[in-house]
Amino acid sequence: QKEVEQNSGPLSVPEGAIASLNCTYSDRGSQSFFWYRQYSGKSPELIMSIYSNGDKEDGRFTAQLNKASQYVSLLIRDSQPSDSATYLCAVPHSNYQLIWGAGTKLIIKP
Amino acid sequence: ETGVTQSPTHLIKTRGQQVTLRCSSQSGHNTVSWYQQALGQGPQFIFQYYREEENGRGNFPPRFSGLQFPNYSSELNVNALELDDSALYLCASSSRTEANYGYTFGSGTRLTVV
């Protein structure tokens with residue numbers, strides 16, 4: 001069974017600090033990785049995708065991928081209260097479906 | 001260009017009843033994927049439809065069934081509802097079947113079974 005693991009949190013971070021969210025996956029053949037943000041009661045929103053080892057930056061968000069360690073992370077710089085949400089990691093499986101972690105709840109404290 | 005739309009937004013059903021959820025795909029998209037998200041968990045893949053045929057199915061019983069229409073909109077039907085079917089049901093449309101490009105979801109349907 002392919003698995004994606006995340007710490008459920010909550011992770012509490014002061015406003016303006018860096019939030020670091022982590023995800024591990026079991027399938028060594030995985031080629032692409034996604035971070036979704038989900039506000040309470042809403043559907044997941046795709047915020048970052050990463051396909052190659054290393055870092056990918058988009059505004060305040062940086063995704064980091066280490067395929068050898070089967071580890072992908074999301075850094076949020078200058079955290080804002082509006083970043084408070086659950087962050088879900090997803091990995092493709094069987095070509096057509098995504099396997100998801102349970103998500104990490106992030107709380108940004110003003 | 002409109003995005004993915006789902007209806008209804010909320011629904012309350014009684015155990016044993018049947019329910020139909022609807023999804024209108026984004027213009028130009030021929031693939032629809034359905035996911036179930038229970039409270040506090042990540043989404044679970046139900047099935048995918050491509051050009052009106054089921055293209056893949058997750059670990060859900062046969063009482064979960066679907067349809068895709070010629071305009072690529074889709075329905076999810078659940079028979080003999082159980083309490084554990086209470087969840088957020090998500091639909092995503094795409095222009096290809098591969099999950100390697102990620103999906104954009106509709107706003108979801110919140111189903112409560114009592």
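Scope of the values below: all heavy atoms of this structure, side chains included, with no hydrogens, waters or symmetry mates. Just so you know, these numbers come straight off a predicted model, no measurement behind them.
- W35(A) and I99(A) fall within a single hydrophobic cluster, where Ile, Leu, Val, Met, Phe, Trp and Tyr are joined by side-chain heavy atoms under 4.5 Å apart, directly or via other members.
- Looking at heavy atoms from C-beta onward, Q97(A) lies out of side-chain contact with N55(B) at the 4.5 angstrom threshold.
- For R15(B), the CZ atom counts as loosely surrounded, since its 6.0 Å shell holds 12 or fewer non-hydrogen atoms of other residues, nucleotides or ligands.
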Could you go through Q44(B) and L98(A), starting from their C-alpha distance and side-chain angles, then the distance that decides it, and tell me whether this counts as side-chain contact (heavy atoms from CB on, under 4.5 Å)? CA-CA 8 Å; Q44(B) 299 289 318; L98(A) 293 174; over 6 Å; no

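- Both I76(A) and I47(A) sit in one connected hydrophobic cluster of ILVMFWY residues. Membership requires side-chain heavy atoms under 4.5 Å apart, directly or through other members.
- Under the 4.5 Å side-chain heavy-atom criterion for Ile, Leu, Val, Met, Phe, Trp and Tyr, L88(A) and L65(A) are members of distinct hydrophobic clusters.
- The NZ atom of K42(A) sits 8.0 Å away from atom OG of S107(B), with the distance rounded to the nearest 0.5 Å.
- A chain of hydrophobic side-chain contacts below 4.5 Å, direct or via other Ile, Leu, Val, Met, Phe, Trp or Tyr residues, connects L81(B) to L83(B).
- When the candidates P44(A), G101(A), C89(A), A90(A) are compared by the number of heavy-atom contacts under 4.5 Å with chain B, P44(A) comes out ahead.
- The cluster map of Ile, Leu, Val, Met, Phe, Trp and Tyr, joined by side-chain heavy atoms under 4.5 Å apart, puts F64(B) and L67(B) in different clusters.
- Looking at F34(A), the atoms closer than 4.5 Å to chain B (heavy atoms on both sides) all sit in the side chain, from C-beta outward.
- Looking at Q6(B), neither its backbone nor its side chain comes within 4.5 Å of chain A, counting heavy atoms on both sides.
- Within 6.0 Å of CG in N71(B) there are more than 12 heavy atoms belonging to other residues, nucleotides or ligands.
- There is no contact between Y50(B) and chain A, counting heavy-atom distances below 4.5 Å.
- Of the two parts of Q41(B), only the backbone, made up of N, CA, C and O, holds a non-hydrogen atom closer than 4.5 Å to a non-hydrogen atom of chain A.
- Separating the CZ atom in F105(B) from the CD atom in E45(A) is a distance of 12.0 Å, to the nearest 0.5 Å.
- Ring pair F45(B)/Y96(A) is tilted by interplanar angle, where 30° to 60° counts as tilted.
- The shortest side-chain heavy-atom distance between Y103(B) and L46(A) does not fall under the 4.5 Å cut-off.
- No part of F33(A) comes within reach of chain B, as not one of its non-hydrogen atoms sits under 4.5 angstrom from that chain.
- Side chain of S43(A) to backbone of G106(B): a donor-acceptor contact under 3.5 angstrom is found.
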